[in-house]
Amino acid sequence: MEHSSEKAYIEKPIKGKDMAKKNVRFMVALSIGKMAKLVQRMLGMNATYFPGRIAIKLCPDFLGRIDKPETIIAVTGTNGKTTVCNLIIDILSENGFDLMNNRAGSNTNAGIGTALLSQSTFFGKAKKKWGVLEIDERSSKLIYPYVCPTYVICTNLFRDSIQRNAHAEFIADIITSSMPRETKLILNADDSISSRLAPDNERLYFGISEMSTDHKECTNIINDCQICPICSSRLKFNYVRYHHIGSVFCPNCDYASPKANYLAHVSIEAGTMILDQKGVEEEYKLISNSVFNIYNQVTAITILAELGLTKDQIVKGFEKNTIVETRYSHSEWGGVEVITHLAKGHNPIANSCVFDYITQIEGKKEVILMQDDDLNHQTSSENMTWIYDADFEKLNTEDISRIIIGGVRAEDYKLRLLIAGIHENKIFSTKNELDTPELLLLDHTEKIFILHQVYKTVAAKKAKENIIDILKGREDKKDEN
């Protein structure tokens, strides 16, 4: 729930010089926030959102009064914003940009507050000229009235955490109504929801041209943009990639997907893409063969090129950059590949994309699901309706020999897998995620995928280590024989 003083302030935001005034209330909030950060550091705790939360509690317009970097790049969207932020931060840093960010903290208003006070002087002056901020879409109305980014990048908008976010169009309205008029938008041309954000703002688009794996009709359970926003006719696809991502047009008016200023022509087989950058073509090596990570790469290149970085500078950064291990990791032992892959809970689109990705990879596979969002193995997950929007049917393939579910809500996922047509003798479950490796079949298995919720990163890493130990033990027994 919003703090009453925050809500009142947002309805009548202060402007101009008044916003920049460092009044007594602000200075007290800044000092106590910095003290809270110092205490957390002394206790060995990460200063994520708590110092910023205290500062905003004491001074509701704290974000407006503290100085900001001269250039701020904000990244928002349902999926991919953390990866895109990491790519931008790493590549800019590799090229000598001295910048502040909120990578170590939260992406809400309190997290932004912590990041700003952490990189400010005792009097609230910004120490850095550049800032890259990940911003939670739902928190837009608590941030943009005070922080005016130079650029806002929106990766996409989908269904996510239904109890909190309701629907993608609802989130789009929040972002649009909160967006500063001066901010330049960088939007996904292939997303017919996010591409329509803040229509009065200056903008440019990125996208991916038609791929061999695209379809003419949506094959997913959900498609959240089927109706023309102008005349309410049913939209048609030139091609669809997944859910509502693709190229659309209205047969009864002139509405259509916008033309991308940065358009990637991708060859997954060759591991490259030709990026048409406003008429200039450049070739880049793909950092991943998954479509959603290719989008992340194209998004990052778009803003980096807009900032004036050359292809060589961008490539230099990509050569030292990989997808963060908390989101994807790969190991191999005895001919068996063990992969951990983030599959965000309460996010049906993210899960459907991951399911589709692993089923397109050749080889005999086993899949471990760690989707519960409890942190202590004691409580159960929130609303489970999202699993009926996710395409678990994609896991119903012959090359997946076993699916193992770990967590207190294992039976809910088992029911969903049964509804997806997966035979019961292929489904195994345990209440403890760390017991999942013991349930592997390992009968001619070539690949093991551990698909995990954000809060299960540590459990996924431990499970992966246990699987490697099991594989090593099998190899040792073979050597003895």
Side-chain angles (χ1 to χ4, degrees), residues 37 41 46-48 66-77 80-105 107 111-135 147-155 182-186 202 204 206 261-262 264 272-273 275-278 280-288 293-328:
K37 179 178 177 293
R41 180 180 295 177
N46 290 326
T48 56
I66 192 169
D67 285 358
K68 270 77 69 176
E70 294 175 6
T71 301
I72 297 178
I73 302 158
V75 185
T76 193
K81 56 182 174 287
T82 300
T83 299
V84 170
C85 254
N86 288 333
L87 290 171
I88 295 170
I89 292 167
D90 290 343
I91 294 173
L92 287 179
S93 299
E94 181 68 26
N95 284 282
F97 286 72
D98 187 20
L99 51 85
M100 60 83 63
N101 63 78
N102 63 328
R103 179 152 64 179
N107 57 13
I112 302 301
T114 297
L116 290 172
L117 71 83
S118 298
Q119 292 297 324
S120 70
T121 67
F122 182 79
F123 296 101
K125 295 290 185 181
K127 293 181 179 179
K128 311 287 187 181
K129 292 186 177 181
W130 294 82
V132 179
L133 300 174
E134 177 182 331
I135 294 182
V147 179
C148 180
T150 315
Y151 301 93
V152 166
I153 302 163
C154 186
T155 55
E182 301 86 353
T183 297
K184 184 174 183 177
L185 304 182
I186 297 178
E202 183 183 358
L204 60 83
F206 60 88
N261 306 94
Y262 289 77
T272 61
M273 67 175 167
L275 186 61
D276 184 339
Q277 303 176 187
K278 298 180 177 179
V280 178
E281 293 189 347
E282 302 276 14
E283 183 174 272
Y284 291 87
K285 181 179 178 181
L286 298 179
I287 61 172
S288 171
N293 279 322
I294 296 172
Y295 268 113
N296 292 336
Q297 185 177 6
V298 173
T299 308
I301 294 173
T302 299
I303 179 61
L304 294 168
E306 282 296 301
L307 293 175
L309 272 70
T310 65
K311 180 201 169 183
D312 289 343
Q313 289 176 307
I314 296 171
V315 169
K316 175 185 174 184
F318 279 130
E319 286 175 348
K320 297 185 178 181
N321 203 293
T322 58
I323 303 302
V324 181
E325 190 173 353
T326 57
R327 294 172 184 272
Y328 177 89

Taking C-beta and beyond as the side chain, do [X] and [Y] meet within less than 4.5 Å on heavy atoms?
X	Y	answer
L133	N101	no
K278	E306	yes
T272	Y284	no
D67	F123	no
D276	N261	no
K37	S118	yes
T150	I73	no
L92	L309	yes

Whether [X] side chain and [Y] backbone form a donor-acceptor pair below 3.5 Å:
X	Y	answer
K81	G77	yes
T183	P149	yes
S93	D90	no

State, to 0.1 Å, how close [X] and [Y] come at their nearest heavy-atom pair, and which atoms those are.
X	Y	result
S288	I294	O-CG1, 3.6 Å
I66	S120	CD1-OG, 4.0 Å
P69	A126	N-CB, 4.0 Å
L87	A300	CB-CB, 4.0 Å
M273	A264	SD-CB, 3.8 Å
I88	V132	CG2-CG2, 4.0 Å

Pairs where residues 91-101 contributes a residue and the test salt bridge (Lys or Arg N to Asp or Glu O under 4.0 Å) is met, not counting sequence neighbours: E94-K320, D98-K128
Rounded to the nearest 0.5 Å, what's the gap from [atom1] on [X] to [atom2] on [Y]? Could you check?
X	Y	atom1	atom2	answer
F97	I91	CZ	CD1	11.0 Å
L185	T76	CG	OG1	11.0 Å
I112	N107	CD1	CG	7.0 Å
T71	Y151	OG1	OH	7.5 Å
Y328	N293	OH	CG	9.5 Å
F206	I153	CZ	CD1	8.0 Å

Set of residues satisfying side chain to side chain contact (heavy atoms under 4.5 Å, CB included) with respect to A305, sequence neighbours excluded: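 Counting only residues at least two positions away or on another chain, A305 forms a side chain to side chain contact (heavy atoms under 4.5 Å, CB included) with Y262, Q277.
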Side chain to side chain contact (heavy atoms under 4.5 Å, CB included) partners for K127, two or more places apart: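 Partners of K127 under the side chain to side chain contact (heavy atoms under 4.5 Å, CB included) test: Q119, T121.
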Salt bridge flag under 4.0 Å for residues K311 and E281: no
Test log, rule side-chain contact (heavy atoms from CB on, under 4.5 Å), inputs T302 and L204: CA-CA 9 Å; T302 299; L204 60 83; 3.5 Å; yes
Partner residues of N102 under the side-chain hydrogen bond (donor to acceptor under 3.5 Å, both in side chains) criterion, sequence neighbours left out: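 By the side-chain hydrogen bond (donor to acceptor under 3.5 Å, both in side chains) rule, N102 matches no residue at all.
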Set of side-chain hydrogen bond (donor to acceptor under 3.5 Å, both in side chains) partners for K285, sequence neighbours left out: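 Checked K285 against side-chain hydrogen bond (donor to acceptor under 3.5 Å, both in side chains); zero matches.
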By salt bridge (Lys or Arg N to Asp or Glu O under 4.0 Å) - contacts of E202 (at least two apart):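 Once residues adjacent in sequence are excluded, the partners of E202 under the salt bridge (Lys or Arg N to Asp or Glu O under 4.0 Å) criterion are K184.
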Flag for E134-T82: side-chain donor and acceptor within less than 3.5 Å: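 Yes - a donor-acceptor pair under 3.5 Å links their side chains.
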